[in-house]
Amino acid sequence: MSSDTVIDNAWSMKIPEFKPEDNPHGLLEESSFSILFPKYREQYLRKCWPLVEKALEAHNIKCEMDVLEGSLTVKTTRKTWDPYIILKARDMIKLLSRSVPFEQAVKILQDEIGCDIIKIKSFVRNKEKFIKRRQRIIGPNGCTLKSIELLTNCYVLVQGQTVSALGPHKGLLQVRKIVEDTMKNVHPIYNIKALMIKKELMKDPKLKNEDWTRFLPKFQSKNTSKRKQPKVKKQKKQYTPFPPPQPESKVDKMLASGEYFLKEDERKYKKASEKKEKEIEADKRRQAKRNQAFVPPEEAPAQKRKKESSDVDLDALKAKVNKAQKKKKFKAA
């Protein structure tokens, strides 16, 4: 039997609903959680804050928003009877501060729904690789993200250096696996295909309790060398035990040319004259290049005109005509 089937049976168990009658005395002590939110979320939180207060008030939870400090706080009251709802409220404000819309974040207050915030920055150090792999989770026009949401029944939001997931607990495990594998350079299509196959196998009662490993796609990593080998390999030089000759220093070059023994003024004058000579030579080359456009091209020598084929020899033509007439007369006689 596959381990997935065992997990599926565990997830199929329903959690009994916790009612006020189960805890009539309420909570003994007050619990509170505070979370900071970024500045760009302030405007949205101001708009939806009355809805947040209304949703938490139904569970006897008090909430506060401090704009100056940039923090959200949730507290239990004397009427709060559910000890776990404060953790749900904490997760709700955490999701709101991470750009999750209120319509999705309020679902966390349900018993069957959980949330998972996956930090993806630690997987990749290189910034370019990080952006490329994070984009793979989203896919072209958000297709990959939408397929993950449909297969796991979770709401997934990729924001900055984290991925926020909201949905059933089984789906959250699947989302975390897909995200972590993608950041480890495993394309999400492999995990998506595996989930699609598992979904179809669950429908078949014959294969429900069998091992599914033969149906799942296998990913094989290729250990190819990243270094590009040169087309033309360099030939190895012949080994010599002697070290290469030491390159000449500036002083050695000046001694060889005799410049070392010149005075400072003479040295400057020599440099200036050499520079001027180089400028004159460069100017001559430039001028010659410009004058090339005005030099007329060499014309080919005129060839003698051949005798046209249209010129006809009249004498030869008359002789042919006379000869033909004589043959006709001879035949007639």
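No hydrogens, no waters, no symmetry mates; every other heavy atom, side chains included, goes into these values.
Checking Arg136 against Thr144 by side-chain atom types alone, no donor-acceptor pair falls below 3.5 Å.
A salt bridge does not link Glu281 with Lys284: none of the charged nitrogens is closer than 4.0 Å to a carboxylate oxygen. Glu128 and Lys132 are not joined by a salt bridge, as no carboxylate oxygen comes within less than 4.0 angstrom of a charged side-chain nitrogen. The pair Lys203-Glu200 meets the salt-bridge criterion, since a charged nitrogen lies less than 4.0 angstrom from a carboxylate oxygen.
A donor-acceptor pair under 3.5 Å is formed between the side chain of His187 and the backbone N or O of Ile189. Lys88 places a side-chain N or O within 3.5 Å of a backbone atom of Gln110 that can act as its donor or acceptor partner. In this structure, the side chain of Asn60 engages the main chain of Lys79 through a donor-acceptor pair within 3.5 Å. A side-chain donor-acceptor contact under 3.5 Å links Arg267 to the backbone of Leu262. No donor-acceptor distance shorter than 3.5 angstrom exists from the side chain of Ser99 to the backbone of Leu96, with no hydrogens or angles considered. Side-chain atoms of Arg98 never come within 3.5 Å of backbone atoms of Leu157 as a donor-acceptor pair (strictly under, hydrogens ignored). Proximity of a side-chain donor or acceptor of Asn141 to a complementary backbone N or O of Cys143 within less than 3.5 Å is not detected.
When side chains are defined from C-beta on, Leu172 does not count as touching Arg176, because their heavy atoms never get closer than 4.5 Å. Residues Lys318 and Val321 form no side-chain contact, since every pair of their non-hydrogen atoms from C-beta on lies 4.5 Å or further apart. Considering only heavy atoms from C-beta on, Ile93 stays 4.5 Å or farther from Phe37 through its side chain. Ser164 places a side-chain heavy atom less than 4.5 Å from the side chain of Leu95. Side-chain atoms of Ser34 and Leu72, non-hydrogen and from C-beta on, never get closer than 4.5 Å to each other. For the pair Arg286 and Lys289, the minimum side-chain heavy-atom distance is 4.5 Å or more. Contact annotation: the side chain of Ser249 approaches that of Asp252 to within less than 4.5 Å [non-hydrogen atoms, C-beta and beyond]. The closest side-chain heavy-atom distance from Asp181 to Tyr190 is not below 4.5 Å.
Put simply, CZ on Arg78 and CG on Leu27 are 12.5 Å apart, with the number rounded to the nearest 0.5 Å. The line from CG of Leu87 to NZ of Lys94 is 9.5 Å long, rounded to the nearest 0.5 Å. The CD1 atom of Ile117 sits 12.5 Å away from the CD1 atom of Ile120 when rounded to the nearest 0.5 Å. Distance check: Lys75 NZ to Leu56 CG gives 13.5 Å after rounding to the nearest 0.5 Å. Atom OG of Ser257 and atom CE of Met254 lie 7.0 Å apart (nearest 0.5 Å). Here the NZ-OG distance, from Lys62 to Ser32, works out to 11.0 Å after rounding to the nearest 0.5 Å.
The minimum heavy-atom distance linking Arg41 with Val100 is given by the pair NH2-O, 3.3 Å. Nearest heavy-atom pair, Phe130 versus Met183, reported as atom, atom and distance to 0.1 Å: CD1-CE, 3.5 Å. Between Arg90 and Ile35 the shortest heavy-atom distance is O-CD1, 3.7 Å. Of all heavy-atom pairs between Cys154 and Gly167, the closest is SG-CA, 3.9 Å. The two atoms that bring Gly114 and His169 nearest to each other are CA-CE1, 3.8 Å, heavy atoms only.
Counted within 6.0 Å of NZ on Lys270, heavy atoms from surrounding residues, nucleotides or ligands total more than 12; the atom is thus considered enclosed. Within 6.0 Å of CG in Asp283 there are more than 12 heavy atoms belonging to other residues, nucleotides or ligands. The number of heavy atoms from other shown groups lying within 6.0 Å of OH (Tyr44) is above 12. Within 6.0 Å of CD on Glu57 lie no more than 12 heavy atoms contributed by other residues, nucleotides or ligands. Other residues, nucleotides and ligands contribute over 12 non-hydrogen atoms within 6.0 Å of the OH atom of Tyr40.
Connection of Val106 to Leu51 is established within a shared hydrophobic cluster, with ILVMFWY side chains joined at heavy-atom distances below 4.5 Å, either directly or through further cluster members. Both Ile108 and Ile86 are members of a single hydrophobic cluster when ILVMFWY side chains are connected at heavy-atom separations under 4.5 Å. Residues Leu150 and Ile148 do not share a hydrophobic cluster, clusters being chains of Ile/Leu/Val/Met/Phe/Trp/Tyr side chains in contact below 4.5 Å. Using a 4.5 Å cut-off between side-chain heavy atoms of Ile, Leu, Val, Met, Phe, Trp and Tyr, with links allowed through other members, Val186 and Met196 fall into different hydrophobic clusters. Ile131 and Ile138 fall within a single hydrophobic cluster, where Ile, Leu, Val, Met, Phe, Trp and Tyr side chains are chained together by heavy-atom contacts under 4.5 Å.
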For Lys278 and Glu274, what are the C-alpha separation, side-chain angles and deciding distance, and is it a salt bridge (charged side-chain N to carboxylate O under 4.0 Å, His left out)? CA-CA 6 Å; Lys278 282 180 183 177; Glu274 283 176 0; 5.9 Å; no
After noting the C-alpha distance and the side-chain angles of Lys177 and Asn191, does the key distance pass the side chain to side chain contact (heavy atoms under 4.5 Å, CB included) rule? CA-CA 8 Å; Lys177 187 179 184 303; Asn191 286 311; 3.3 Å; yes
Using side chain to side chain contact (heavy atoms under 4.5 Å, CB included), reason through Lys271 and Glu266 one step at a time and then give a plain yes or no. CA-CA 9 Å; Lys271 279 184 181 179; Glu266 290 174 348; over 6 Å; no
Run the numbers on Glu279 and Lys276 for salt bridge (charged side-chain N to carboxylate O under 4.0 Å, His left out), then give the verdict. CA-CA 5 Å; Glu279 284 175 1; Lys276 201 170 186 181; over 6 Å; no
Chi angles and distances behind the side chain to side chain contact (heavy atoms under 4.5 Å, CB included) call for Leu255, Phe261: CA-CA 8 Å; Leu255 285 166; Phe261 302 103; 3.8 Å; yes
Could you walk me through whether Leu173 and Val175 pass the side chain to side chain contact (heavy atoms under 4.5 Å, CB included) check? CA-CA 6 Å; Leu173 289 173; Val175 170; over 6 Å; no
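Each of Val74, Thr76, Asp91 was compared with Phe33 under the side chain to side chain contact (heavy atoms under 4.5 Å, CB included) criterion, and only Val74 meets it.
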